[in-house]
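Okay, structure first, notes after.
Each chain gets a letter, A, B and so on, in the order the sequences are listed, and its residues count up from 1. No experiment lies behind these values; they were computed from the predicted model shown.
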Amino acid sequence: MTKITIPIGPQHPALKEPLSFLLTVEGEQILDSALRIGYVHRGLERICQNRNYVQNVHVVERVCGICSHIHTTTYCQGVEALLGLQVPPRALYLRTLLCELERIHSHLLWLGVLAEYIGFTTIFMYAWRDREIVLDIMEELSGGRVAHAANVIGGVSIDADEAHVASILDRLDVLERQIKLFLDLIRRERSFQARTRGVGHLSAEQIRRYCVVGPAARASGVDVDLRRDAPYAAYKWLNFQVITAEEGDVWARTMVRVLETIESLHMCRQLLTELPAGPLTVRAPRRVPPGEVVSRTEAPRGELIYYIRSDGSDRPARVKIRTPTLTTLITLHDQLAGVHTADVPVVLAGVDLCIACADR
Amino acid sequence: MTEWLSVLFALLVFPGFGFLLACALAFQWIDRRVEARLQGRVGPPWFQPLADLIKLLAKEDVLPVGANEIACAALPMVSLAAVLTAALYIPVGGWVARTFEGDLIVVLFLLSIPALAYFLAGWLSVSVYSVVGGSRSLLQFFSYEVPFLMALSGPAILSGSWSISRIAAQQSQAVWLALVQPLGFLLALVGLIGKLKRSPFDIPKAKSEIVAGPLTEFSGRKLALWHLTMHIQMVVGIFLLVNLFLGGSDVGVTIPGVLIFGIKALFILLMLSVASALYARLRIDQLANIGWRVLAPLALAQMLATIWIGGG
Amino acid sequence: MLSRLRSLLYLLPQFWRMLFTRPVTVRYPFAPLKLPSYFRGKVTIDPELCRGCGMCARDCPAFALELERESRDNFRLIHYHDRCAYCGQCEASCNFGAIKLVNEFVPAAPQRDTLSRVMVRRDNEEA
């Protein structure tokens, strides 16, 4: 058979964000793949150096269009560490609440995208329908569906009264019923399994070699989760399990993510019922003393790292962002080798790429 | 003179182009509405299929450099013509334009022309996506066509006739063949989904994999004709199944007969809509597996049993 | 056998339920959309409260606010909708509560210059 080269991207129906693949294909089997990224590089790290610390909260919020809150959390956490601020517990709880709501929203969005890639439009519609519940909650809390602007240096700018907490708890119950349906479907439905089982397999050894983080690593049996390993914000006060699976294929990643969604729901309940009283912010000075800090959090896609260096002015001297997608991009070459062309979108969806994060 | 007029009427109005166009648009709307409803959405307004068609007809028609222009223009027309011709032999509400002994075979032959034209369209329009889509459509053709033909031969063998209108008429005196051969009916439905390239067998035009398959490089009027072919093919396929398995109009050419026929057609359409919302798209090797390991042996068993019973 | 059939027709019971539930589609713009009270929409500036201190312009990440000051009481504060990211930082930075983001959408415009601009101007001659 002759070899042909199929371009996937930068514009392709299977890609929500621009990246480009050149696939060398023989028949329907992929022999080689060449990846190219950088189509949505916006120079955000440089922009951060030209703005003051307060402005940068909103700049880093726009690194990603899905996990925006976790970026501001990581950034604020870093700046607070430089300033030596003690953030009040109520602020930490609300911060964590939005983090977990965002994880639910991100995972449901991902489930919808995967379902659409395998042609399962019904699950796509259901997942995105139920995601609206979370988005509505977040919009009521912060005033924005995705860009929450909830974090400020030294606390949060959002608050929830008791009536609001009760209404959120009610809606979380509805959401849990829906997610249980997805869970059952993933376990049983034949056509879903036919498309996801055994596709995009990564062994625990490969995960360690490529330093893959997040749900993709946990689905291969590598038990890493910063929420437990290096608790930040309010996670040290929460009871939760870290979900892992052994199979290491797209199906296992789906299971891990959906189970994590349910775990996040439980965490949201704990956060809302145990919400401590107290102030929402502490006053933060505008100038940050010289120093450098590494701030780490568990984003929906895995470990997110911010490095911030201050030279004593009101602007950071350097902000370096390492997003979890960068680690998973490298594994794609291994995952794509030998798979069927029809499985390319499944593999791409399986690692939950966020190109805007990776390109910054 | 009147002979000519009646031929023209049959070709252009009923059951020819005009009627089929109206049915295609209506069926497409119902299909989209039903699927939307099952997914918790509202779905498009009734004029959406018509608006889509007019929009495509008005759009600029471009082909990439290197594509065979004559073939790319001829292929959608040939397949549309084949589907429209097939419709002439299929009774609608008990009324049929042309019939002769053996028209079932002609109809099946005519209905397979679009599949081959689809493959050629992919091959001749120089895009890698359409080449991959074209080879997939050919592989899919071999997977569904054999069980589909064997399933459809069941009613013909039982009725002892290869004329669609006679098979339909015989059932109105006895019992629907879908009740005698439920397996055959199911296989024919699965085959029809494969023939129409509907989800879950929309493998040759899988959007997230190969953009639009063989039709990637088509636009404007040519794409409109392709879409029209697919939608009219759906109408013809549904009418064919109604006649072969559900007894056609039951009471001959009367107003209730047409209504009954319409309800049966809608029933099959509903099953197609539900099936497309029910599953993820299969991979081409999985479809070939199902086609040859499950569907074909079942269809063969069904056909042998029919011959044994019908002959004995 | 039954569980096999169930795994083949998994969503059918769900479809049955969907027949009796209303679709979730929001018919916006043909039907009104309910916005929560905290929604960060249109930026409004109260000319009575604004003192022209420029804190909002300093903290705006998108440089959407501009303060042109001639003297202590002669200033112009301009808000450019087309640059605004609706982050609400100006509201948080304003010490006098002059800026509010209200729960209204900002209408789209075909051209940048036709977008409305909120402008606060004070020319206090008597001061």
### Message
Applying salt bridge (charged side-chain N to carboxylate O under 4.0 Å, His left out) to A:E247 and A:R253, what does each step give before you reach the verdict?
### Response
CA-CA 9 Å; A:E247 289 91 340; A:R253 283 171 215 155; over 6 Å; no

### Message
Quick test of your reading of the model: are A:R103 and A:E100 salt-bridged, counting only N-O distances below 4.0 Å?
### Response
yes

### Query
Which residues pass the side-chain hydrogen bond (donor to acceptor under 3.5 Å, both in side chains) test with A:H333, sequence neighbours left out?
A:D32

### Task
Side chain from CB out, backbone as N, CA, C, O: work out which of these in A:I118 comes under 4.5 Å of a heavy atom of chain B, or both, or neither.
both

### Task
Measure the CD1-CG distance between B:I232 and B:L25 for me, rounded to the nearest 0.5 Å.
8.5 Å

### Query
How far does OG1 of A:T325 sit from CG of A:D359, to the nearest 0.5 angstrom?
9.5 Å

### Interchain contact, A:V199 with chain B, by part (heavy-atom threshold 4.5 Å)
side chain

#### Entry: Part of A:I123 lying under 4.5 Å from any heavy atom of chain B
neither

### Task
State, to 0.1 Å, how close B:I238 and B:L192 come at their nearest heavy-atom pair, and which atoms those are.
N-CD2, 4.2 Å

### B:I203, part contacting chain A, at a heavy-atom distance under 4.5 Å
neither

### Query
So how far is it from A:I6 CD1 to A:I30 CD1, rounded to the nearest 0.5 Å?
7.5 Å

#### Entry: Interatomic spacing from CG in B:L187 to CG in B:L152 - rounded to 0.5 Å
10.0 Å

Show me, pair by pair, the donor and acceptor atoms from chain A and chain B that are under 3.5 Å apart.
from   : atom 1 : to     : atom 2 : distance (Å)
A:P7   : O      : B:Y129 : OH     : 2.3
A:H12  : NE2    : B:E209 : O      : 3.3
A:E28  : OE1    : B:R136 : NE     : 3.4
A:E28  : OE1    : B:R136 : NH2    : 3.2
A:E28  : OE2    : B:R136 : NE     : 2.8
A:E116 : OE2    : B:K207 : NZ     : 2.9
A:Y117 : O      : B:S208 : OG     : 2.7
A:Y117 : O      : B:R281 : NH1    : 3.4
A:I118 : O      : B:R281 : N      : 2.7
A:T121 : OG1    : B:Q39  : NE2    : 3.2
A:T122 : OG1    : B:Q39  : NE2    : 3.2
A:T122 : OG1    : B:A277 : O      : 2.4
A:Y126 : OH     : B:L38  : O      : 2.6
A:S191 : OG     : B:A280 : N      : 3.0
A:A194 : O      : B:Q286 : NE2    : 2.8
A:R195 : NH1    : B:R281 : O      : 2.8
A:R195 : NH2    : B:E209 : OE2    : 3.4
A:T341 : OG1    : B:R136 : NH2    : 3.4
A:D343 : OD1    : B:R283 : NH1    : 3.3
A:D343 : OD2    : B:R283 : NH1    : 2.8

